[in-house]
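Below: one structure, written as structure tokens.
Fair warning: this is a prediction, and the values are worked out from it, not measured in the lab. A note on names: the letters A, B, ... follow the listed sequences, proteins ahead of strands, and every chain is numbered from 1.
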Amino acid sequence: MSKMRVADFFQAVDRRFDKLGPEEGASFQTIVQGKVIEQRFLTKENADGVAKYLITPILTEYRQPDAVFYYWTEDCSVYRPSGTEGAEGVWISSDDTGYLRVTTDREMLGTDFVRSRYYHCRKPISGTDYMIHGHSMASIFGKWAVRNDLLLLHSACVGTEGKGVMIAARAGGGKSTLAISCLLGDFDFVSDDYILVTQTGTLKAMPLYKVIGINQDMAAILKPDLPVMRIEPKRENKLYLDASKFTFREELPVNAILYPNACGAETPVIRKTAKGPVLAKLIDSSAKNIQTFRDPEMYRIMAERLMNIPVYEFLLSRDLFRNRAVLKEFIQSQI
Amino acid sequence: MYKLNDEKMFFDIADGQAVVINFTTGMYYGTSTLGSAILENLVKGASEKSIADILRSAEGCPDNIEDQLKDFISALIEKEILLPEAGEGRAAELSPEAFSEGFDFTVDEFAEVQDLLMADPIHEVDVEQGWPILRDDE
């Protein structure tokens with residue numbers, strides 16, 4: 001009997017997924033950086049929910065996919081090794097055909113390197129929300145990106161006159177507010193939260209999502225006047241808005257990384273700063289959001305990519321419009 | 001005193017937790033809340049003696065705290081996170097929050113899934129052993 005490989009496991013997962021009976025319309029195809037990605041779910045609701053988030057074009061006619069992503073919820077204990085019933089743990093297997101990780105009955109994720117298929121199954125506790133509202137998607141896109149000469153980073157990106165800056169901060173650090181004020185101020189806009197970047201050559205940022213997120217108090221000041229896709233009660237009713245009426249830059253060169261510091265400065269100031277802490281935050285935050293769990297290779301790739309980009313600290317005032325004006329002048333004249 | 005080896009390391013501290021990334025290897029290091037506060041002090045040029053003085057004076061401090069501090073600093077140097085630097089060093093500052101998790105502090109080196117190891121035992125199952133097999137497969 002031939003040895004089982006991880007890719008064989010995922011062929012069996014495909015058969016199981018089909019037996020679970022995906023609804024009609026529970027998949028779609030999109031193009032990301034020239035690659036056709038098919039996204040498969042069990043319900044049309046989940047497929048539509050995820051499709052609404054993407055800025056990338058949704059195909060209306062079938063094309064042979066370059067990669068397939070699977071997202072679904074079920075009790076994941078079926079995926080763990082025989083003889084481990086009742087045990088708590090994480091089981092990992094990897095070889096040159098794929099990578100597989102199963103966490104008790106909570107989660108199964110992995111990649112079939114041979115067929116370019118990516119899997120994320122979660123126990124249905126907050127499963128549907130997690131899938132629809134981006135977290136599963138960030139995880140799978142992050143793993144797909146690194147195998148396609150790209151990286152998914154937890155960063156905003158805006159620019160002007162063909163030059164761009166990444167705005168990198170942990171959640172709640174002010175990057176989305178600054179980025180959205182720029183979107184509304186006719187900057188070139190890529191994203192307020194996640195970007196794809198090229199892994200080699202000139203560092204360029206590309207968008208993935210058309211949804212932007214803004215706190216209620218900032219929305220009251222900026223008045224974005226965009227359709228509300230959802231309101232998140234767990235984040236003080238944060239608003240998620242459909243920004244597709246704006247033109248997103250398909251790609252934007254990145255000339256600098258900005259770390260926003262919401263310190264209430266009297267005058268907004270952008271100044272050179274030590275790159276270590278900023279890059280540590282950016283890399284750590286990005287890796288956590290795509291669930292790489294301290295993969296040295298991923299950390300090394302991200303660090304190598306970002307090492308030579310100048311890093312600045314942006315001391316923000318309370319005046320969002322002044323901040324925006326200072327940022328525009330900085331991009332135009334300083335980088 | 002000591003300084004961060006910024007030829008190889010990115011260092012940040014957020015919400016009381018240190019993040020150290022060796023950007024040449026991708027290796028990730030962490031430590032406890034107290035370890036993070038001590039490391040932050042060392043990176044800012046605090047002397048080992050001033051750190052030891054504060055630790056000894058903390059309520060509940062174990063007898064071997066100075067040995068623990070020496071081992072901690074040795075590990076930081078061995079992993080090339082810190083480099084020795086000439087000079088007396090300045091006075092350390094440790095807030096009461098630094099002691100919120102007790103007096104244990106070591107340098108934790110994270111390879112993949114180390115975070116998961118903290119929550120669950122990890123089993124790396126070789127394909128030779130017969131996994132992966134999907135148990136309910138026909």
- Query: Would a 4.5 Å heavy-atom cut-off, applied to side chains only, mark A:Gln199 and A:Val146 as touching?
  - Reply: yes
Can a salt bridge be assigned to the pair [X] and [Y] using a cut-off of 4.0 Å between side-chain N and carboxylate O?
X	Y	result
B:Lys70	B:Glu66	no
A:Lys123	A:Glu107	no
A:Glu313	A:Lys275	no

- Flag for A:Arg40-A:Tyr71: side-chain donor and acceptor within less than 3.5 Å: no
- Message: Assess, by modelled atom type and distance only, whether the side chains of B:Thr106 and B:Asp108 contain a donor and an acceptor separated by less than 3.5 Å.
- Response: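 Judged by distance alone, the side chains do pair up.
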- Message: Taking every non-hydrogen pair under 4.5 Å, which of A:Glu297, A:Arg300, A:Met298 racks up the most with chain B?
- Response: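 Answer, by heavy-atom pair count under 4.5 Å with chain B: A:Arg300.
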- Message: If you count heavy-atom pairs within less than 4.5 Å of chain B, which of A:Ala303, A:Gly276, A:Ala274 leads?
- Response: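 With the most close heavy-atom pairs to chain B, the winner is A:Gly276.
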- CG on A:Leu178 to OG on A:Ser176, rounded to 0.5 Å: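 One finds 9.5 Å between OG of A:Ser176 and CG of A:Leu178.
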- Query: From A:Trp144 CH2 over to A:Thr111 OG1, what is the distance, rounded to the nearest 0.5 angstrom?
  - Reply: 13.0 Å
If you draw the axis of the six-membered ring of [Y], does the NZ or CZ of [X] fall within 45° of it and under 6.0 Å from the ring centre?
X	Y	value
A:Lys143	A:Tyr118	no
A:Arg15	A:Phe10	no
A:Arg147	A:Phe113	yes

- Taking A:Asp112 for its side chain and A:Val6 for its backbone only, find out whether a donor-acceptor pair lies under 3.5 Å.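 Between the backbone of A:Val6 and the side chain of A:Asp112 there is no qualifying donor-acceptor contact (under 3.5 Å).
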- With distance as the sole test, does B:Thr33 use its side chain to make a donor-acceptor pair with the main-chain N or O of B:Ala98 at under 3.5 Å? no
- Only counting residues at least two apart or in another chain, list the ones meeting side chain to side chain donor-acceptor pair (under 3.5 Å) with A:Ser285. A:His154
- Message: I need the contact set between residues 43-64 of chain B and chain A: heavy-atom distance under 4.5 Å, sorted by residue number.
- Response: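 So no residue qualifies.
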- Message: Counting only non-hydrogen atoms closer than 4.5 Å, can you tell me which residues of residues 3-14 of chain B sit against chain A?
- Response: B:Phe10, B:Phe11, B:Asp12, B:Ala14
- Using heavy atoms and a sub-4.5 Å threshold, report which of residues 254-263 of chain A line up against chain B, by residue number.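 Listed by number: none.
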